[in-house]
There are 2 protein chains.
Amino acid sequence: MTTERVDRTDAGVSTTKKSFRILETLKTEEGLTITEITERTNLSKSTVYRHLATLTDMGYVIETDGGYYIGLKLLEISEKTRNREAGYTAAKRKVFELGQETDERAVFLVEEGYEGVYLHRYGSLSDTMIGKRRPLYSLASGKVILTEWDDDEIDRYIEETDLERHTANTITDPDDLYEELDQIREQGYGINNEEYMSGLCGAAVPVYTPGDDLLGALGLFGPASRFKEKSVQNELVDRLRDKAGEIKVTLAYG
Amino acid sequence: MTTERVDRTDAGVSTTKKSFRILETLKTEEGLTITEITERTNLSKSTVYRHLATLTDMGYVIETDGGYYIGLKLLEISEKTRNREAGYTAAKRKVFELGQETDERAVFLVEEGYEGVYLHRYGSLSDTMIGKRRPLYSLASGKVILTEWDDDEIDRYIEETDLERHTANTITDPDDLYEELDQIREQGYGINNEEYMSGLCGAAVPVYTPGDDLLGALGLFGPASRFKEKSVQNELVDRLRDKAGEIKVTLAYG
DNA sequence: TAGGACTGTTTCACTGTACGGAACTCAGCA
DNA sequence: TGCTGAGTTCCGTACAGTGAAACAGTCCTA
């Protein structure tokens with residue numbers, strides 16, 4: 001998965017892994033009891049009890065009405081990552097503006113470990129995508145990020161990633177991907193033509209720092225019915241370009 | 001170290017604590033090397049190495065250019081907490097609108113463990129407050145939350161909290177706090193009169209679910225110079241009330 | 001009201017493992 | 001060619017994490 005991954009599974013602390021296994025269990029199902037966690041993790045009841053005691057003691061887990069929940073203290077740690085770059089924070093605001101102005105879903109995506117991670121988003125209230133990881137090759141924003149890498153890096157990416165098919169339109173052939181990236185480079189934006197989920201299209205542009213380093217990708221997506229229109233695409237791309245430019249300017253001149 | 005630990009939490013896993021100690025070290029200082037973390041944590045180098053190996057293996061920590069960073073995978077877990085309640089997500093949008101419309105800093109605060117935690121915020125790009133914890137009694141939004149508790153709970157809160165003084169205006173006397181809460185209940189909003197940081201004032205209103213449960217508090221804050229004006233306060237409070245109402249409506253009718 | 005069926009909590013002996021120190025590799029540099 | 005200071009690996013040992021089982025509550029049902 002990640003680059004230059006050395007096999008050091010031997011050197012590790014399995015206790016920590018168990019704690020995180022519990023946390024991840026609580027991520028998918030909140031409000032579980034000790035015995036429920038026990039069933040889901042294949043750990044013994046006393047082990048779960050002890051780990052939860054530690055985690056609640058530290059404030060990372062909260063107990064309410066006999067159910068365990070992930071505490072807000074983790075926010076403090078993870079939020080740090082969302083503000084590592086000043087541009088990330090600037091992007092947050094632009095994502096919001098994009099969403100409000102276009103009434104489409106807007107996202108800001110960055111790469112980590114050869115995957116796309118949503119850092120910011122504007123969209124429906126029911127579902128958040130923040131922190132979710134998606135394959136770069138099947139997203140407009142992901143492909144845009146790929147275009148910024150040099151050839152060696154892209155080769156390595158393709159080698160380590162299997163271009164899994166998600167829809168009929170997913171790019172699964174490396175040559176097709178190279179070609180697609182060339183086109184994106186040429187036109188300056190990427191399009192997702194129902195490549196990750198059928199019925200869902202998107203458009204994205206790269207975001208640069210004042211020093212012209214890649215910060216991430218700014219994207220809009222919505223139902224294919226709307227996004228198929230070339231005129232709609234053009235309008236959205238123009239808007240995306242404006243916002244990406246504004247981020248750069250914000251960073252340069254405060 | 002020595003024998004005879006007075007730790008009451010005898011049931012716990014200290015290994016997990018060590019892992020989190022490393023994570024918290026990386027929270028305050030990013031990009032540290034193994035030896036730097038060793039110095040800061042009083043753990044042995046091999047221990048730090050082993051913990052980092054596990055954490056990077058799980059993706060919670062990222063190694064780049066010999067420096068260690070907190071990975072975005074923690075976002076996936078912590079973001080869950082920010083969306084536990086549908087209202088939290090609705091509040092996010094309203095915070096943004098408030099910020100845009102008033103050009104002041106806007107926040108949405110909830111309570112956890114007798115502390116106020118910022119869930120959402122709109123403000124300057126340089127500093128994020130999300131996840132930060134503040135004493136309830138010294139914030140407009142915090143006091144608003146306190147008013148919603150019954151007397152027993154407030155008594156217990158005051159008993160367990162020492163009303164530490166932050167500025168000349170901080171409420172440090174329990175009786176004064178009771179009185180203040182009464183006033184807030186009466187007028188339906190809270191004011192922070194430079195009680196946490198001198199020069200900084202704020203206003204806040206409670207946010208309710210359609211079932212009239214307290215969701216959190218919506219607040220605006222800014223320099224005392226502006227917020228001292230009664231007319232300004234009234235205008236901001238009106239706006240806060242509108243937005244709080246909109247959250248309720250959104251939850252009720254989608 | 002007793003008893004069953006659940007919880008969560010605690011105890012305890014065992015043993016697996018996390019630990020620290022030291023040895024090792026490796027890179028940069030004088 | 002050493003020297004320094006990184007990261008990595010090794011290893012014996014202490015001890016902390018472990019699971020099973022016993023214990024303590026609580027809520028039902030009969």
Side-chain angles (χ1 to χ4, degrees), chain A residues 1-26 29-71 113, chain B residues 1-26 29-71 113:
Chain A
M1 280 167 240
T2 31
T3 40
E4 301 160 40
R5 162 85 146 282
V6 233
D7 219 6
R8 42 183 185 184
T9 40
D10 49 328
V13 276
S14 61
T15 308
T16 299
K17 279 190 182 160
K18 284 179 192 142
S19 281
F20 274 100
R21 188 149 27 127
I22 291 173
L23 280 173
E24 287 183 341
T25 305
L26 288 176
E29 276 182 283
E30 289 203 292
L32 294 176
T33 66
I34 289 184
T35 39
E36 284 170 334
I37 297 172
T38 304
E39 292 162 5
R40 267 150 252 238
T41 52
N42 290 327
L43 299 170
S44 82
K45 196 163 64 159
S46 51
T47 299
V48 172
Y49 174 81
R50 220 171 316 109
H51 278 260
L52 282 174
T54 304
L55 290 169
T56 53
D57 197 49
M58 291 188 293
Y60 292 114
V61 163
I62 298 292
E63 187 192 0
T64 319
D65 308 324
Y68 286 91
Y69 296 82
I70 292 171
Chain B
M1 286 272 157
T2 38
T3 52
E4 313 255 342
R5 301 227 92 166
V6 205
D7 261 3
R8 7 187 275 136
T9 45
D10 218 29
V13 276
S14 62
T15 308
T16 299
K17 279 189 183 162
K18 284 178 194 144
S19 280
F20 273 99
R21 189 153 21 133
I22 291 172
L23 280 173
E24 286 182 343
T25 305
L26 287 176
E29 275 182 284
E30 290 203 292
L32 293 176
T33 64
I34 289 184
T35 38
E36 284 169 335
I37 297 172
T38 305
E39 292 162 6
R40 268 150 251 239
T41 52
N42 289 328
L43 300 169
S44 81
K45 197 162 65 159
S46 51
T47 299
V48 173
Y49 174 81
R50 221 172 313 112
H51 278 261
L52 282 174
T54 305
L55 290 169
T56 53
D57 197 49
M58 291 189 292
Y60 292 114
V61 163
I62 297 292
E63 187 194 0
T64 317
D65 307 325
Y68 285 90
Y69 297 82
I70 291 170

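All chains are named by letter (A, B, ...) in the order of the sequence lines, taking the proteins before the strands, and each is independently numbered beginning at 1.
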Here the distance between atom P of C/dC6 and atom CD1 of A/Ile34, to the nearest Å, is 17 Å
Under 4.0 Å: is that the gap between some side-chain N or O of A/Ser14 and OP1 or OP2 of D/dG17?
no
Under the ring-ring contact (aromatic ring centres under 6.0 Å, His included) test, residues paired with B/Phe20 that sit two or more places apart:
A/Phe20, A/Tyr60
Tell me which of A/Glu39 and A/Thr16 sits closer to the 5' end of DNA chain C, going by the nucleotide each one is nearest to.
A/Glu39
Sorted by chain and number, sequence neighbours left out, side chain to side chain contact (heavy atoms under 4.5 Å, CB included) with A/Leu32 holds for A/Thr25, A/Leu26, A/Glu29, A/Glu36, A/Ile37, A/Arg40
Over how many whole Å does the gap from B/Tyr49 atom OH to D/dT8 atom P extend?
4 Å
Find the distance A/Asp65:CG to C/dT7:P and express it as a whole number of Å.
17 Å
Mind listing the N/O atom pairs, protein and nucleotides 21-27 of chain C, below 3.5 Å?
{"residue": "C/dG21", "atom": "O6", "partner": "B/Ser46", "partner atom": "OG", "Å": "3.3"}

Atom CD1 of B/Ile37 and atom P of D/dT8 are separated, to the nearest Å, by 12 Å
Between A/Thr15 and A/Glu63, whichever has its closest DNA chain C nucleotide further toward 5' is A/Glu63
Between A/His51 and D/dG17, is there a side-chain N or O to OP1/OP2 distance below 4.0 Å?
no
Looking only at side-chain N and O atoms, does A/Thr35 come under 4.0 Å of OP1 or OP2 in C/dG8?
yes
With B/Glu39, which residues qualify under side chain to side chain contact (heavy atoms under 4.5 Å, CB included), at least two apart?
none
Can you tell me the distance, in whole Å, between the CG atom of B/Leu52 and the P atom of D/dT9?
14 Å
Roughly how many Å is it from CG in B/Leu43 to P in C/dC19, rounded to a whole number?
8 Å
Check this one for me: any side-chain N or O of B/Thr33 less than 4.0 Å away from OP1 or OP2 of D/dA6?
no
Return the value, rounded to whole Å, for the distance between atom CG of B/Leu32 and atom C1' of D/dA6.
15 Å
Value rounded to 0.5 Å, distance of OG in A/Ser14 from NZ in A/Lys18:
4.5 Å
Taking only residues two or more places apart in sequence or in another chain, which ones pass salt bridge (Lys or Arg N to Asp or Glu O under 4.0 Å) with A/Glu63?
none
Rounded interatomic separation in angstrom, taking CG from A/Leu55 and P from D/dG17:
12 Å
Nearest to the side chain of A/Lys18 - D/dG17, C/dG8, D/dT8?
D/dG17
Is any side-chain heavy atom of A/Ile22 closer than 4.5 Å to a side-chain heavy atom of A/Leu43?
yes
Using side chain to side chain donor-acceptor pair (under 3.5 Å) as the criterion, list what pairs up with A/Thr38, not counting sequence neighbours.
none
